[in-house]
Amino acid sequence: MPSITREEVAHLAKLSRLELSDAELDHFAGQLDAIVSAVARVGELPTEHVPPTSHPQPLTNVFRADIVRPAGTPVLDRAEVLAQAPAAEDERFRVPRILGED
Amino acid sequence: MSIAKTQELLGFDEALERYDPVMGLEVHVELGTNTKMFCSCPTEFGAAPNTQVCPTCLGLPGSLPVVNGAAVEGAIRIGLALHCEIAQWCRFARKNYFYPDMPKNFQTSQYDEPISYNGYLDVEVDGRSFRIGIERAHMEEDTGKSTHVGGATGRIHGADYSLVDYNRAGIPLIEIVTKPIEVPGHLAPAVARAYVTELRELIRALGVSEARMERGQMRCDVNLSLRPKGETKFGTRSETKNVNSLRSVERATRYEIQRHAAVLASGGRIVQETRHFHENEGTTTSGRVKEEAEDYRYFPEPDLVPVAPSREWVEQLRGTLPQSPTVHRRRLAAEWGISEFDMQTVVNAGALEQIVATIDAGAPSDQARKWWTGELARVANERGVDVGELPITPAQVARVVGLIQGGELTDKLARQVVEGVLAGEGDPDAVVAARGLKVVSDDSALLAAIDAAIAANAAVAEKIRAGNHAAVGVIIGAVMKSTRGQADAARVRELVLGRLS
């Protein structure tokens with residue numbers, strides 16, 4: 001049954017650009033292990049005759065016409081949008097230097 | 001940032017004596033749809049930053065994507081034109097990564113169920129035909145555009161922070177991936193270029209994208225590995241990202257062959273990594289090491305339902321495919337009265353479209369061809385750009401040709417006019433006026449110059465009088481010099497011979 005190691009949590013944290021302390025790594029490893037174990041119980045159900053599914057609705061080909069902002073489409077105010085971000089400059093989002101790319 | 005140390009390279013020929021290259025090309029094409037892949041935001045190029053965004057493409061909580069039907073149609077038509085099979089049923093997938101160019105923290109892409117797979121594209125190099133296998137062509141969305149601030153070169157290296165514009169985030173993108181390409185090593189760079197050129201022609205003929213590389217509407221990643229002659233196992237590859245002109249595709253391939261060979265020949269090991277191509281130097285430098293970055297935790301996109309194109313739809317789209325570029329070019333070659341080999345030169349120079357437009361603007365085909373594959377190709381090469389990026393339009397070239405044909409410009413003067421247009425001095429007529437480049441067609445002015453030249457070269461004039469017409473060049477040369485090249489040499493010759501007969 002699942003056992004989430006501390007190393008796996010550290011790896012995920014790195015991919016997610018999160019900085020976790022040693023204590024947090026231990027804490028989350030235990031928590032995630034409990035969550036994954038709980039979800040894994042689904043595997044105990046007899047599902048041989050249930051086709052794998054990735055979506056609850058039996059639909060395909062739900063397409064939109066290629067029309068710019070049909071009536072009723074929300075249009076965002078740029079100033080308002082930029083104001084939600086931690087930093088903006090020159091009408092653009094300002095973000096920190098990208099990790100590990102120096 | 002300058003490149004820290006000069007990379008060891010092995011000579012191209014020496015590299016190929018010892019190793020065979022294997023290439024893989026990934027080309028991203030932005031579709032020219034009115035709206036984005038998953039929302040109805042416009043896709044206009046060059047709009048003010050962050051004005052073409054909405055909750056969906058900014059990844060705001062609660063927003064939901066809806067697939068653009070026109071983009072799926074474009075994807076299928078590209079697949080069909082590449083002789084691919086079209087999936088009966090396929091899904092989108094989330095490619096998870098944390099990088100500020102995608103505000104959702106994932107890119108909606110396709111993973112193991114691409115809409116098109118297993119096709120090919122034929123290209124010709126040096127009169128030989130090569131079939132490039134297509135592994136897949138899948139649908140995804142473009143990312144935002146980052147400008148790195150604080151670094152010396154505007155690239156990632158040395159940047160202090162980045163500014164992000166999400167107008168481009170969510171524009172429909174088709175990623176076309178080749179199967180491993182194994183061709184004679186010395187032709188590999190040219191085959192890579194020919195493939196991207198051919199693909200660009202095809203995309204344009206389909207009308208699904210303008211595929212302008214200088215606008216980033218078409219971008220190429222070059223994967224390359226070497227293996228010792230006789231070895232069957234592939235070597236470790238490098239992936240050179242965002243090689244953004246036809247010329248750069250060729251140069252990046254050549255550079256990587258030489259770099260890999262130098263590493264391997266000295267007993268070193270190639271690291272699997274992405275590399276950045278530097279347009280100015282024609283070199284690549286290390287980007288990120290692959291093992292770390294390549295953990296995208298793909299899973300089927302839960303917010304979108306599968307795409308299952310009916311066979312009727314696929315066949316209907318097959319019926320909309322244009323004449324294949326090969327057939328189209330054969331027809332043009334016949335019209336222009338040139339060989340298929342000459343036509344291939346035109347195509348591989350990336351000049352076909354310019355020549356066709358120049359002819360449409362009124363120039364004879366041989367003249368249009370001469371300018372674009374001669375003088376203009378030379379300038380493009382000098383400047384390190386593709387001919388299509390030169391700041392001269394087909395209409396302007398046609399006008400220059402018209403001036404030559406009207407006897408108002410000599411070839412030599414015409415080259416100066418073109419030089420003026422390329423330098424941003426305006427239309428051909430404006431350059432002619434501003435630089436005073438009209439042919440001296442006034443016979444009395446010419447005769448004065450001719451008489452002066454005869455007087456200064458009396459001995460030569462005597463020989464011509466005696467019937468030695470080969471000597472006339474000396475007098476013509478003197479006249480051309482005194483008129484600063486603005487005389488029509490043929491007319492000068494006539495007049496000189498008339499004077500001395």
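Naming: A, B, ... by sequence-line order, numbering from 1 per chain.
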Worksheet item: How far does CZ of A:F93 sit from CG of B:L58, to the nearest 0.5 angstrom?
Response: 5.5 Å
Practice prompt. Go through the atoms of B:F38 and report whether side chain, backbone, both or neither lie under 4.5 Å from a heavy atom of chain A.
Written response: backbone
Worksheet item: Is there a side chain to side chain donor-acceptor pair (under 3.5 Å) between A:R94 and B:S162 once you walk through the steps?
Response: CA-CA 6 Å; A:R94 180 176 163 159; B:S162 303; over 6 Å; no
Item to complete: Apply side-chain contact (heavy atoms from CB on, under 4.5 Å) to the pair A:V68 and B:S40, showing each step before the final yes or no.
Response: CA-CA 5 Å; A:V68 174; B:S40 66; 5.9 Å; no
Worksheet item: Given the rule in the side-chain contact (heavy atoms from CB on, under 4.5 Å) test, do A:E89 and B:Y161 qualify, once you have shown the distances and angles that lead to the verdict?
Response: CA-CA 11 Å; A:E89 187 178 311; B:Y161 58 93; 2.9 Å; yes
Worksheet entry | Donor-acceptor side-chain pairing of A:H11 and B:D295 below 3.5 angstrom | yes
Worksheet item: Side chain, backbone, both or neither: which part of B:P300 has an atom under 4.5 Å from a heavy atom of chain A?
Response: side chain
Fill in: Interatomic distance, B:N34 atom CG to A:I67 atom CD1 [nearest 0.5 angstrom]
8.5 Å
Worksheet item: Counting heavy-atom pairs under 4.5 Å to chain A, which of B:R297, B:E301, B:Q52 comes out on top?
Response: B:R297
Item to complete: Start with the C-alpha gap between B:V307 and A:F63, add the side-chain angles, then the distance that decides, and say whether side-chain contact (heavy atoms from CB on, under 4.5 Å) holds.
Response: CA-CA 9 Å; B:V307 174; A:F63 299 146; 4.0 Å; yes
Fill in: Segment of A:L12 engaging chain B (4.5 angstrom heavy-atom cut-off)
side chain
Worksheet item: Okay, side chain of A:R64, backbone of B:C39: is any donor-acceptor separation there less than 3.5 Å?
Response: yes
Worksheet item: Has the side chain of A:R78 got a donor or acceptor atom that lies under 3.5 Å from a matching backbone atom of B:P49?
Response: yes
Item to complete: Step by step, work out the side-chain contact (heavy atoms from CB on, under 4.5 Å) result for A:T60 and B:W89.
Response: CA-CA 9 Å; A:T60 58; B:W89 188 91; 4.1 Å; yes
Discussion item. Given heavy-atom pairs under 4.5 angstrom as the criterion, report whether the side chain, backbone, both or neither of A:S16 touches chain B.
Written reply: both
Worksheet entry | Heavy-atom neighbours of B:E44 CD exceed 12 at 6.0 Å | no
Discussion item. Does the structure place the NZ or CZ of A:R17 under 6.0 Å from the centre of the six-membered ring of B:F98, at an angle of no more than 45° from the ring's axis?
Written reply: no
Item to complete: Grab the two heavy atoms, one from A:R92 and one from B:V164, that are nearest each other, plus how far apart they are.
Response: CB-O, 3.3 Å
Item to complete: Answer yes or no: are there more than 12 heavy-atom neighbours, outside B:K95 itself, under 6.0 Å from its atom NZ?
Response: yes
Response to the item:
Counting heavy-atom pairs under 4.5 Å with chain B, the top scorer among A:V81, A:L59, A:L82, A:V75 is A:L59
Worksheet item: Between A:V62 and chain B, which part of the residue has a heavy atom less than 4.5 Å away: side chain, backbone, both or neither?
Response: both
Item to complete: Taking atom OH of B:Y298 as the centre, report whether more than 12 heavy atoms of other residues, nucleotides or ligands fall under 6.0 Å from it.
Response: yes
Worksheet item: Just checking, is any N or O donor in the side chain of B:R91 or A:S54 under 3.5 Å from an acceptor N or O on the other one?
Response: yes
Fill in: Reported SG-to-CG distance for the pair B:C41 and A:L76, which is rounded to 0.5 angstrom
7.5 Å
What pairs of donor and acceptor atoms, side-chain ones from residues 59-71 of chain B against any protein atom, are under 3.5 angstrom apart with sequence neighbours left out?
{"residue": "B:S63", "atom": "OG", "partner": "B:P55", "partner atom": "O", "Å": "3.3"}
{"residue": "B:S63", "atom": "OG", "partner": "B:L60", "partner atom": "O", "Å": "2.8"}
{"residue": "B:N68", "atom": "OD1", "partner": "B:A70", "partner atom": "N", "Å": "3.0"}
{"residue": "B:N68", "atom": "ND2", "partner": "A:D66", "partner atom": "OD1", "Å": "3.1"}
{"residue": "B:N68", "atom": "ND2", "partner": "B:T35", "partner atom": "O", "Å": "3.3"}
{"residue": "B:N68", "atom": "ND2", "partner": "B:T35", "partner atom": "OG1", "Å": "3.0"}
{"residue": "B:N68", "atom": "ND2", "partner": "B:K36", "partner atom": "O", "Å": "3.2"}

